[in-house]
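As structure tokens, the structure follows; a few thoughts come after it.
Indexing begins at 1, ligand by ligand and atom by atom, following the structure's order. Excluded from the calculations below are hydrogen atoms, water molecules and symmetry mates; all remaining heavy atoms, backbone and side chain alike, are included.
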Amino acid sequence: MENKSKVRVRFAPSPTGYLHLGSARTALFNWLYARYTNGKLILRIEDTDKERSKKEFLDEILEDLKWLGMDWDEGPFFQSKRLDIYKEKAELILKKKLAYKEGNAIIYKVEKGKVIKINDLVHGEIEFNTDEIKDQVLIKSDGSPVYNFACVVDDDSMGITHIIRGDDHISNTPKQIMFYEALGLKAPFFAHMPLMMGKDGSKLSKRHGCVAVFEYKEQGFLPEALMNYFLLLGWTPKDGKEIVKLKDAARKFDIKDIGSVQARFDMDKLRWINAEYIKNEPSKMLFALLKERFKKAGYVKDTVKEDYALKIIELYKTRAKTLEEFIPLTECFFRDDYKVDEKAYKKYFTDAESKRNLEVLNKRLKAMKEFKAKTLEDTCRVVAEELGIKAAKLIHPTRIAISGSTKGAGLFEMMELLGKEKVIKRLEKILK
Ligand code: GLU
């Protein structure tokens, strides 16, 4: 193929909405290919739709791209600042008599009966017959270009060698090829990636859940996890390892590896990947990410006891699948008025027997000098034995007493972290 180091790809969002998961995935594959080939990634903002383009969307898109770890080499270039160039190029086509005017609009005249071929790098050869394509507006009467035309002018003048974009643009490609021909230009390579669909196989939309990248950020997905998931949706690593860091993927990724079948967005798989990233993230880094959430939940103030928080994170990072899940899971470590699971409470605290058992345990705990997980476990086992009951009969109600829930980290680690004073206080409160 052509000289790899000359590869120039682009990501061309329209600021008419928030960055969608599908667009983030397109950005990722362009980024990977640019990095893999040591080429360049150009960012172009397709903002010719004055009505629908909004500054707030643009800002959010740029912020989200940065958050996702996508960096670009040139741009952002704005189409709205290049209107003269499109006009000039359209007039060139007009001069060649390949287009006509209708008022101020310039319209490309489609020659019927021709076959246009795309050699798509993902799908192979795709043919279109121009009989099915009607005449194409190049410049609207208000002077603004249509997407297909501006896209061709820009891809050419920005030296784009490969267009990697979603399958939803396949029907635009024959039109764009006609414009390349009309301008006497060579078309770049095209690679149309299969779209990411919803779980039911239909187009991914709000019905399937959140579709905007910022919503995943809010829910506490890590950008690396999101990108890793998108990567797996279009590409199967040869070694079968599913956790792939972006920089490693960038060393291996080639366009020809993009699968040609549609991928389905699977929230459970994404959550699994996110959990893997959380688990492997140093606790200090997680703390930096969690600090704002802890503050918002009222768990910590500006002066945070970092050591304590780090221990809590250490205990829960193997359990929380998103950053947001740390909040309910860790509530009992930060507040005394944590929520109590009513059902579980009723289940374990209706009979007098469990209260009596807990009273025995409580007495023993009070006498303990060293309040460590290991010694706590031993004490609990001994008390259970003396009472002639299974340890579980002490463990479940104790866990409810100190945390309000039957779920959570290992009970003895939790007790150690909470400390003797709090554990006893909580046991006594529930026994009352
Ligand atoms: N602005 C177009 C979009 O957001 C870009 C299409 C393309 O990559 O050519 O879908």
Atom OG of Ser202 and atom CZ of Arg264: how far apart are they, to the nearest 0.5 Å?
-> 8.5 Å
Of all the atoms in ligand 1, which lie at a distance below 4.0 Å from a heavy atom belonging to Glu46?
-> 1 (N), 2 (C), 5 (C)
Apply the test side-chain hydrogen bond (donor to acceptor under 3.5 Å, both in side chains) to residues Thr322 and Gln219: give CA-CA distance (whole Å), side-chain angles for both, the deciding distance (0.1 Å), then the verdict.
-> CA-CA 7 Å; Thr322 65; Gln219 286 171 40; over 6 Å; no
Close side-chain approach of Lys321 and Asn274, heavy atoms under 4.5 Å | no
Taking only heavy atoms of Arg10 into account, list the atoms of ligand 1 that are under 4.0 Å away from them.
-> 7 (C), 8 (O), 9 (O)
Do Ile139 and Asn104 have side-chain heavy atoms sitting under 4.5 Å apart?
-> no
Quick note on ligand 1: atoms under 4.0 Å from a heavy atom of Arg165 include exactly 7 (C), 8 (O), 9 (O)
Contact check, Tyr147 vs ligand 1, heavy-atom distance below 4.0 Å = yes
For Cys151, atoms of ligand 1 separated by under 4.0 Å from a heavy atom = 9 (O)
Closest protein heavy atom to atom 10 (O) of ligand 1, given as residue, atom name and distance to 0.1 Å = His169 NE2, 2.9 Å
Under 3.5 Å donor-acceptor pairs involving side-chain atoms of residues 85-96, not counting sequence neighbours:
unit_1: Tyr86; atom_1: OH; unit_2: Asp154; atom_2: OD1; d: 3.1
unit_1: Tyr86; atom_1: OH; unit_2: Asp154; atom_2: OD2; d: 2.7
unit_1: Lys96; atom_1: NZ; unit_2: Ala182; atom_2: O; d: 2.7

